[in-house]
There are 2 protein chains.
Amino acid sequence: MEGKLKDHGYRATTGRKAILDVLTNTKKHLSAEDIYLKAHSDYLSIGLASVYRTLEILVNVGIVHKFNFRDRIARYELIKETNGKGSHHHLICTVCHKIIDYEDFVDEELALLKQTEKHLSKKYNFKIINHMTQYFGLCEECIKKEE
Amino acid sequence: MEGKLKDHGYRATTGRKAILDVLTNTKKHLSAEDIYLKAHSDYLSIGLASVYRTLEILVNVGIVHKFNFRDRIARYELIKETNGKGSHHHLICTVCHKIIDYEDFVDEELALLKQTEKHLSKKYNFKIINHMTQYFGLCEECIKKEE
DNA sequence: GTCCATGCAAAAGGTTTGCACAATC
DNA sequence: GATTGTGCAAACCTTTTGCATGGAC
């Protein structure tokens, strides 16, 4: 993964490695500040600005995916290359903003999405790199609270 | 549509009607500032803060959908009630940030999404209100530029 | 007439940028 | 040793909020 940085002419500095480490070893949907705080344990002097700069590079290089849910806080996660169904399927509660990742039923969904991808690529001459599906609605607790 | 405002206890003011008008009569993916600028032609004295306040209400009431693409600018569009396949399928170029809406192939896609929706609702006790699919990649022009 | 909505300006808060210093190759 | 990356603080820009005034019911 550090190799990918060097391939693109970027240096593999201690700070960047620390950030990659954080992304590798934690749950998803981390904000820049989350990453900044966690990276401190490995590498005390890192600054928030560098975290942002590194994340931008990682997104451009294709290692990291940047999300925007409903709020203005960007969230980041590693792109898993093992299969296409890693991570980008979410249930988002519009009341409490909780995010549930689901991994079920993704196989069948994926089959169709792949097919659609093929159609779309051809029709719009668009090179698809990845995708994201979001369902908006009410989570269990917020349904109860509404009653 | 104004009725829906009143049902929820909100007043149907001139400014709010102007905003609904803008949303009804323009293309999608408008930012708050876009709406603010366009609303000025109908209703000169409207302020940006009121646009934000109105948009928040419209989202809560379920008339408008709020999007976040890659940047920090929120975008808004009317929710079409006629069918489920109105609007929330996008191809997003990660280089030039162009957004292409596609309407093709949505029928089949929708069938599966609906099915997945049912499964997910049951499993997570989540009440799904709407969904969005985004494909990230490179648009035709940006592919050419890369060469 | 009461209460809600508005406009303006100021504040908030996530992200970006300028600059001198430090680290990498 | 040259160039790229970093930390800090200040700037930026979208969105939110406070408050006195205006408009809807």
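The shown structure was predicted, so the numbers you read here are calculated from the model rather than taken from an experiment. To find a chain, count down the sequence lines: A is the first, B the second, and so on, and within it residues start at 1. We use all heavy atoms of the structure for the numbers below, so side chains are in, but hydrogens, waters and symmetry mates are not.
- The CG atom of A:D101 sits 3.5 Å away from the NE2 atom of A:H29 when rounded to the nearest 0.5 Å.
- Within the 4.0 Å cut-off from OP1 or OP2 of D:dT6, at least one side-chain nitrogen or oxygen of A:T13 is found.
- The 5' end of DNA chain C is approached more closely, in terms of each residue's nearest nucleotide, by B:R11 than by the other of B:R11 and B:S50.
- The distance from atom CD1 of A:I73 to atom P of C:dT15 is 7 Å, rounded to the nearest whole Å.
- Donor-acceptor pairing under 3.5 Å, judged by distance alone, is present between the side chain of A:R72 and the base of D:dT14.
- Rounded to whole Å, the distance from OH on B:Y36 to C1' on D:dC13 is 15 Å.
- Rounded to a whole Å, the CZ atom of A:R53 is 16 Å from the P atom of C:dA22.
- A close approach under 4.0 Å does not occur between any side-chain nitrogen or oxygen of A:K6 and OP1 or OP2 of C:dT24.
- The nucleotide whose nearest atom lies closest to any side-chain atom of A:L48 is, among D:dC25, C:dT15, D:dT17, C:dT15.
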ring-ring contact (aromatic ring centres under 6.0 Å, His included) assessment of B:H89 paired with B:H131: CA-CA 9 Å; B:H89 301 83; B:H131 73 267; 5.3 Å; yes
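- Rounded to an integer number of Å, the gap from CG of B:D71 to C1' of D:dC12 is 15 Å.
- Atom CG in A:D34 sits about 10 Å away from atom P in C:dT15, given to the nearest Å.
- Under the 4.5 Å side-chain heavy-atom criterion for grouping Ile, Leu, Val, Met, Phe, Trp and Tyr, A:Y52 is not connected to B:I73 through any hydrophobic cluster.
- Note on B:S45: only backbone sugar-phosphate atoms sit closer than 4.0 angstrom, heavy atoms only; bases stay farther off.
- Rounded to an integer number of Å, the gap from CG of B:L58 to P of C:dA5 is 12 Å.
- Here the P atom of nucleotide C:dA5 and the CG atom of B:L20 are 14 Å apart, to the nearest Å.
- The residue among B:T14 and B:A49 whose nearest nucleotide of DNA chain D lies closer to the 5′ end is B:A49.
- Atom CD of A:E56 is separated from atom C1' of C:dT16 by 9 Å (rounded to the nearest Å).
- Using a 4.0 Å cut-off, some side-chain N or O of A:R16 falls inside it from OP1 or OP2 of D:dT6.
- By the 30° and 60° cut-offs, the orientation of the rings of B:F67 relative to B:H90 is perpendicular.
- Between C:dT16 and A:Y52, no contact under 4.0 Å exists linking OP1 or OP2 to a side-chain N or O.
- B:H40 and B:Y36 have perpendicular rings, their planes meeting at more than 60° on a 0 to 90° scale where under 30° would count as parallel.
- Toward the 5′ end of DNA chain D lies the nearest nucleotide of B:E33, the other residue of the pair B:E33 and B:Y10 mapping further downstream.
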